[in-house]
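Order of the sequence lines fixes the chain letters, A, B, ..., with proteins taken first and strands second; residue numbering starts at 1 for each chain.
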Number of protein chains: 2
Amino acid sequence: MDKEISQAVIRRMPRYYRYLGELIDAGVERISSNDLSSRMKVTASQIRQDLNNFGGFGQQGYGYNVKYLYEEIGKILGLNEKHNIIIVGAGNLGQALANYVKFEKFGFVIIALFDVNPDLKGQKVRGIEIHMLDELDEFVKHNKVDIATLTMPKSKADTIANHLVDLGVPAIWNFAHVDLELVDKNVVVENVHLSDSLMQLSYNIVKNKQK
Amino acid sequence: MDKEISQAVIRRMPRYYRYLGELIDAGVERISSNDLSSRMKVTASQIRQDLNNFGGFGQQGYGYNVKYLYEEIGKILGLNEKHNIIIVGAGNLGQALANYVKFEKFGFVIIALFDVNPDLKGQKVRGIEIHMLDELDEFVKHNKVDIATLTMPKSKADTIANHLVDLGVPAIWNFAHVDLELVDKNVVVENVHLSDSLMQLSYNIVKNKQK
DNA sequence: TAGATTGTTAATCGATTAACAATC
DNA sequence: TAGATTGTTAATCGATTAACAATC
C-alpha cells in the first residue's frame, strides 16, 4: 500500500507541469532543482521532495531531463488518458467553458452540454450540441463520461450531482456555490468557488491597505 | 503589529460565511462551534481557533449569534465595502463573469469590460459597456477601480497586468494561465487556474480508480 | 577523478487537534 | 447555582526546509 500523497503536493504538480512545458518550448533540455526553484520561487528542497513522492526522475550530477519529467508528471496527473466531459448547465459559464479549446491540449474533451431551457435545444457551442436535461440518462448510458461539470444554479446542483453519480459518473467539477452532499458515494469532486476566490482577494486588499 | 494570519485560515472564511448565510435563511439564531462543526465537517476546535484569530465573537455557555458572526466575517472579508471591478478580455469567460449577478450581493460590482476586438466596441453585457483597450488608461484615471479581472490570452496578461498596477489598480483577479511577474509592486493577486483545477481532478480520478 | 546534484534522512516550522480553565 | 460552551494553552501531527551521503 502506497503512502497517501497530500493534496498540498497535488496542487503543486500542475504548476511544475506548466513550467516544464514552457522550458520545452524554450528549448531547454535539462534543469536542476536549484535552477527550477529560482524560476518558480519555491525551494529546491520542496521540488525534490515533491517529485520523489512519485519516483526518482532525476540523476545525480545532472539534474532532470525536462522532456522526460514533463511526460512523467503528465502521466501522474492522468493527462495521458483522454477524459470526456459533459457540462450540465449551458448558461454563460457553461458555454464559456465549452469554448475553451485549451483543455483539449491536456486530453479533456467536452462532448456535450445539457440544459433545461428549451430555447437552447439543438444549439451548438463550438460544434458541441446542447441537449435537454431529460436526455441526460440516455446519453450517460451510451457514452463514456469521465467528468460532469456543474454550472447550473446551486439549488439544483445537489440533486443532479447525486443523480449523475448514481448513473456511474466518477468525477464532478463543481462550479455551483454549494458543498455537494454525496454521502457514501464513490466519487471525486473538485470545487471551483469563484465567489470564495473573490472574497479571499477582497480580504487581502483590505489587509494590504492597512500596511 | 498584528500577527500574520495564514492563508489557510483565509481560505476557510468564505465557507464559514456561506454556512452562516444559510443558517440565517433557515431562521437559526445561535449556533455552537460543535453544531457548526458537524454541519461543515471540520473540527469545532478549528472553528474556534480560526475565529479567534480575528476576535472573540462568541459567548461562553451560549455559542455564537449567527447574524452577528455573519456580519463580522463579512467585515473581515471586506464585504462591507463596495468593490468596483473591470474585466479585461471580453471573450467568453469575461462575458460569462460579467453576467454573474451574484457577485453584486457581496459588494462586487462590474463596471466595465475591455477588449481589443473592434466588433465588440460599444456592445453591452447585462448593461455593462465593452470598451476598447486603448480607452483603459482614461477609464482607470476617471473611475475607482478596485479589482482588474484578467480574462485575456496568457501571452498578453503579464504586460497588461503590469500596466494596470502602474495605473494604480490595487488588485488583480487572474484567470490567465500564467504566474504574473509583478516584481516589487504593491499589488494583491488571486489566481484562478481552471486547467490546474481540472488536472487535480484528473489526478484524483486516477488515484480513486486504483483503490 | 572531481564536481555537481540528486534522493533521502533529520531538523524545524507551522497548522491542527485536544484539553481545560474561564465565564456566561 | 449548574450546565454549556467559549477562548486559549498545550500536545500532536504534518508539511517544509536543511543537510548530507550516495552517485552520476
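We find that CG of A/Leu69 is positioned 11 Å from P of C/dT6, with the value rounded to whole Å. In this structure, CZ of A/Phe54 is placed 14 Å from P of C/dG7, rounded to the nearest angstrom. Atom pair B/Gln59:CD and C/dT23:P shows a separation of 13 Å (rounding to whole Å applied). One atom, CD of B/Gln7, and another, P of D/dA15, lie 18 Å apart when rounded to the nearest Å. Atom-to-atom, CG of B/Asn34 to P of D/dT5 comes out at 8 Å; the value is rounded to the nearest Å. Atom CE of A/Met40 is separated from atom P of D/dT17 by 13 Å (rounded to the nearest Å). Rounded to an integer number of Å, the gap from CZ of A/Arg12 to P of D/dG14 is 16 Å.
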Run B/Lys82 and B/Glu104 through salt bridge (charged side-chain N to carboxylate O under 4.0 Å, His left out) and show every step you take. CA-CA 9 Å; B/Lys82 189 183 147 201; B/Glu104 291 187 0; over 6 Å; no
A/Glu81 vs A/Lys75, salt bridge (charged side-chain N to carboxylate O under 4.0 Å, His left out): CA-CA, chis, key distance, verdict: CA-CA 8 Å; A/Glu81 284 172 42; A/Lys75 282 184 211 161; over 6 Å; no
Under the side chain to side chain contact (heavy atoms under 4.5 Å, CB included) rule, what do A/Lys185 and A/Asn162 come out as? Steps first, then yes or no, please. CA-CA 9 Å; A/Lys185 292 191 177 170; A/Asn162 273 282; 2.7 Å; yes
Can you name the atoms? Protein N/O to nucleotides 2-4 of chain C N/O, anything below 3.5 Å, with the distance.
none

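Between B/Glu71 and B/Lys67 there is a salt bridge, since a side-chain N of the basic residue sits under 4.0 Å from a carboxylate O of the acidic one. Checked for salt-bridge contact, B/Asp196 and A/Arg11 miss the test: no charged N lies under 4.0 Å from a carboxylate O. Note on A/Glu181 versus B/Lys41: salt bridge recorded, some NZ/NE/NH1/NH2 to OD/OE distance being below 4.0 Å. Between A/Asp146 and A/Lys144 there is a salt bridge, with a side-chain nitrogen of the basic residue lying less than 4.0 Å from a carboxylate oxygen of the acidic one. With respect to the salt-bridge test (charged N to carboxylate O, under 4.0 angstrom), the residues A/Lys207 and B/Glu4 qualify.
Within residues 43-53 of chain B, the residues that place at least one heavy atom under 4.0 Å from DNA chain D are, in residue-number order, B/Arg48, B/Gln49, B/Asn52.
In this structure, B/Met199 and A/Leu79 have side chains that are in contact, with non-hydrogen atoms separated by less than 4.5 Å.
Judged by the 6.0 Å and 45° rule, A/Arg30 forms no cation-pi pair with A/Tyr64.
If you check D/dT16, C/dT5, D/dT6 against the side chain of A/Ser32, the one that comes closest is C/dT5. Residue A/Ser33 has its side chain nearest to C/dT6 when only D/dT16, C/dT6, D/dT6 are considered.
The phosphate of C/dA15 (OP1 or OP2) has no side-chain N or O of B/Arg11 nearer than 4.0 angstrom.
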Could you provide the dot-bracket string of DNA chain D, using ( ) for intrastrand pairs, [ ] for crossing pairs and | for bases paired to another strand, with Watson-Crick or G-U pairs below 3.5 Å? ..||||||||||||||||||||||
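Side-chain contact annotation: B/Asn92 with A/Tyr100, donor-acceptor N/O pair under 3.5 Å absent.
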